[in-house]
Amino acid sequence: MSNEQLDQLREKLDQVNLEILELINKRAELVKETGQVKEKQGANRSYDPVRERDMLNLIKQHNNGPFEDSTIIHLFKEIFKAGLELQEDDHSKALLVSRKKKPEDTVIDINGVKFGDGNQHFIFGPCSVESYEQVAEVAAAIKKEGFKVIRGGGI
Ligand SMILES: O=C(O)C(=O)C[C@]1(C(=O)O)C=C[C@@H](O)C=C1
């Protein structure tokens, strides 16, 4: 094979790679959208083996080679896996507790004590709140020791 022929073939391969890339990302956008719809409908898991099997069956029916079905299935399973990861990434971004939603620490200031700033703090208080007097007495004891925050248990 002449160098010119090889160059031409490689040029075509580069072009096809870019087409596959565009299609794979187009699919990824659709998968993300599907995940958002599922999330709104309250479906808690994105993984859907029945849907994946149906898609693979359709793909196999249209496979005219030269790749074997098993190779095509392997490739598409990887594509599905990557899509699922995108959906799960979106899902964790949507959770309020996720660092993906808010990367910085949440610091809550209670009476000048900053919780969540990385330092250790102590909260004392009775396991069971029984009366105003009981809590006032415990609060005074806590304050005397230099602590500023109190908690109380209930039923
Ligand atoms: O069809 C869906 O319900 C999707 O969420 C899309 C999709 C896919 O990648 O095609 C994503 C994950 C599921 O396991 C199956 C299908």
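Indexing begins at 1, ligand by ligand and atom by atom, following the structure's order. Everything quoted here is computed from the prediction, not taken from an experiment.
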Problem - Short side-chain to backbone donor-acceptor contact, D105 and V107, under 3.5 Å - result: no
Completion exercise
Numbered in order shown, the ligand 1 atoms found under 4.0 Å of a heavy atom of K38 are 2 (C), 3 (O), 4 (C), 5 (O)
Completion exercise
The closest protein heavy-atom partner of atom 12 (C) of ligand 1 is L84 CD1, 3.5 Å
Practice task
Distance to 0.1 Å, residue and atom name: give those for the protein heavy atom nearest to atom 15 (C) of ligand 1.
Solution key: E52 CG, 3.6 Å
Exercise for the section: Name the closest protein heavy atom to atom 6 (C) of ligand 1, giving the residue it belongs to and the distance to 0.1 Å. Expected result: Q87 NE2, 4.0 Å
Practice task
Report yes or no: does R151 contribute a side-chain atom to a donor-acceptor pair with the main-chain N or O of P126 at less than 3.5 Å?
Solution key: yes
Completion exercise
When distances are taken from atom 7 (C) of ligand 1, the protein heavy atom at minimum range is M55 CE, 4.3 Å
Exercise for the section: Answer yes or no: are there more than 12 heavy-atom neighbours, outside F124 itself, under 6.0 Å from its atom CZ? Expected result: yes
Handout entry: Per-atom contacts, ligand 1 versus V31 - under 4.0 Å to a heavy atom
Key = 8 (C), 9 (O)
Exercise for the section: May I ask you to list the atoms of ligand 1 that are less than 4.0 angstrom from any heavy atom of Y47? Expected result: 14 (O)
Practice task
Please check if atom CD in E104 has more than 12 non-hydrogen atoms from other residues, nucleotides or ligands closer than 6.0 Å.
Solution key: yes
Exercise for the section: May I ask you to identify the nearest protein heavy atom to atom 10 (O) of ligand 1, giving residue, atom name and distance to one decimal place in Å? Expected result: R27 NH2, 2.7 Å
Practice task
Would you check if there is a donor-acceptor pair between the side chains of S128 and E130 at a distance under 3.5 Å?
Solution key: yes
Completion exercise
Among non-hydrogen protein atoms, atom 1 (O) of ligand 1 lies closest to R51 NE, 2.8 Å
Practice task
Enter the distance from F76:CZ to D69:CG here, rounded to the nearest 0.5 Å.
Solution key: 11.5 Å
Practice task
Indicate yes or no for a side-chain donor-acceptor contact from Q87 to the backbone of V31 under 3.5 Å, with no hydrogens or angles considered.
Solution key: yes
Practice task
List every atom of ligand 1 that sits less than 4.0 Å from any heavy atom of T34, numbering the atoms from 1 in the order shown and giving each element.
Solution key: 2 (C), 3 (O), 4 (C), 5 (O)
